[in-house]
Amino acid sequence: VGMMNVLILAYSGKKRYEDATRAYRKMRALGMEPTRTTYNTLIAMFARDSRTREAEGVLRQMQASGLYPDVYTYTSLLTAYGRAGRAEEAQAVFRDMVMCKIMPSPHSYTSLVDAYGRAGDAEKAERVFKEMTRKYPFHLPGYAALLGAYCREGVMDKAEDLLRRLVRLATVPAPGESAPMKLSPAVFNVVMGGYRKILDLDRVLFTFERMLAAGVDADQASFHVLIGAYAACGDYDGAVFAFREMVEVAGIVP
RNA sequence: GAGCCACUACAUUCUG
């Protein structure tokens, strides 16, 4: 069973839905009992692609086999509805989770923040974010999700404020910690992406520099945004330059 | 019994 789970996980990572579900069916045909991990893996696979219908189907099979959803299951369902732009249903899942005494993890909060962000409701995204930071003050994906919400709405001043707070947070160790929090390139990438969308190349570059100044290394996504920003603004020399920088730093071409 | 870590779940670009 463990080996089948690994196989299904491998398929799900490559988005081979047919193969993954076939492996799952074969499992049952061979008389093996799928575990919670089996179901969770399948649900997550569909969730990432906003295939809520299929995710729900797997959930029902999971329940039919007597297994209860856990925090992984619920978080994937949050992701499924969130990515599908169905924030209210994500909220319903969240309530359900709490009612069933499953403690939402930082992942869960992030998915719900993201759900509201995608639905264009930055207000509610903010509310969930605040709730998250009460329990998990330093969960970077949660910050990135809210930054993304602001960027999608084009309220870059709010994104700036939040990013500034984050950079400030990272200059000083948290209470009880010896080292300051290490920021991820992703939080900068999100903001760069927001500026790219409104074709503000200066701010994209400024944010990029700020990331380096904060001691954070640009990753592949950073360069993709950067190159895309140059291109979108018609600066092809800049794009080529950024591309060369990327290769020189160790990036690879997708 | 407790604490770290790892596992199936979270955010940013592109690809599919």
Side-chain angles (χ1 to χ4, degrees), chain A residues 1-2 4-17 20 24 34-49 55 58-59 62 67 69-83 90 93-94 97 102-118 125 128-129 132 136 139-152 159 162-163 166 183-197 204 207-208 211 216 218-232 242-243 246 251-254:
Chain A
V1 173
M4 289 306 275
N5 281 346
V6 170
L7 180 67
I8 291 172
L9 177 62
Y11 282 138
S12 86
K14 304 175 90 181
K15 296 186 191 285
R16 262 334 315 151
Y17 306 110
Y24 160 71
T35 64
R36 197 180 259 151
T37 294
T38 313
Y39 291 109
N40 284 347
T41 303
L42 291 168
I43 292 172
M45 171 180 77
F46 290 125
R48 282 187 279 260
D49 224 23
V58 178
L59 173 67
M62 177 180 178
L67 294 173
D70 65 1
V71 62
Y72 289 86
T73 319
Y74 279 113
T75 302
S76 292
L77 293 170
L78 288 170
T79 301
Y81 291 116
R83 297 185 89 108
V93 168
F94 191 87
M97 167 172 34
I102 307 287
M103 278 279 297
S105 70
H107 290 205
S108 318
Y109 284 104
T110 301
S111 285
L112 189 55
V113 170
D114 186 59
Y116 279 121
R118 287 183 197 276
V128 177
F129 173 81
M132 176 192 77
Y136 310 103
H139 189 60
L140 291 176
Y143 282 83
L146 184 58
L147 288 168
Y150 291 144
C151 290
R152 260 185 297 266
L162 184 57
L163 184 59
L166 204 42
L183 293 182
S184 63
V187 293
F188 294 94
N189 296 347
V190 174
V191 175
M192 286 168 58
Y195 284 125
R196 190 209 46 187
K197 183 149 54 158
V204 172
T207 307
F208 187 80
M211 170 172 62
V216 177
D219 65 3
Q220 196 188 56
S222 315
F223 281 106
H224 280 161
V225 179
L226 188 61
I227 294 166
Y230 275 120
F243 185 85
M246 174 179 78
I252 296 184
V253 274

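So you know, we letter chains A, B, ... as the sequences are listed, proteins then strands, and number each from 1.
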Fill in: Per-nucleotide protein contact string for nucleotides 1-12 of chain B (B base, S sugar-phosphate only, - none; heavy atom under 4.0 Å)
------BBBBBB

Worksheet entry | Nearest-Å distance once atom P is located in both B:rA6 and B:rC10 | 16 Å

Worksheet item: Taking atom types as modelled and ignoring hydrogens, do the side chains of A:D70 and A:T73 form a donor-acceptor contact shorter than 3.5 angstrom?
Response: yes

Item to complete: Say whether A:S76 and A:T79, considering side chains only, have a donor N or O and an acceptor N or O under 3.5 Å apart.
Response: no

Item to complete: Please answer whether the main-chain N or O of A:D219 pairs with a side-chain N or O of A:S222 as donor and acceptor at a distance below 3.5 Å.
Response: yes

Discussion item. Applying side-chain hydrogen bond (donor to acceptor under 3.5 Å, both in side chains), can you list everything that pairs with A:Y136, at least two apart in sequence or on another chain?
Written reply: none

Discussion item. Centroid separation under 6.0 Å, is that true for the rings of A:Y143 and A:F129?
Written reply: yes

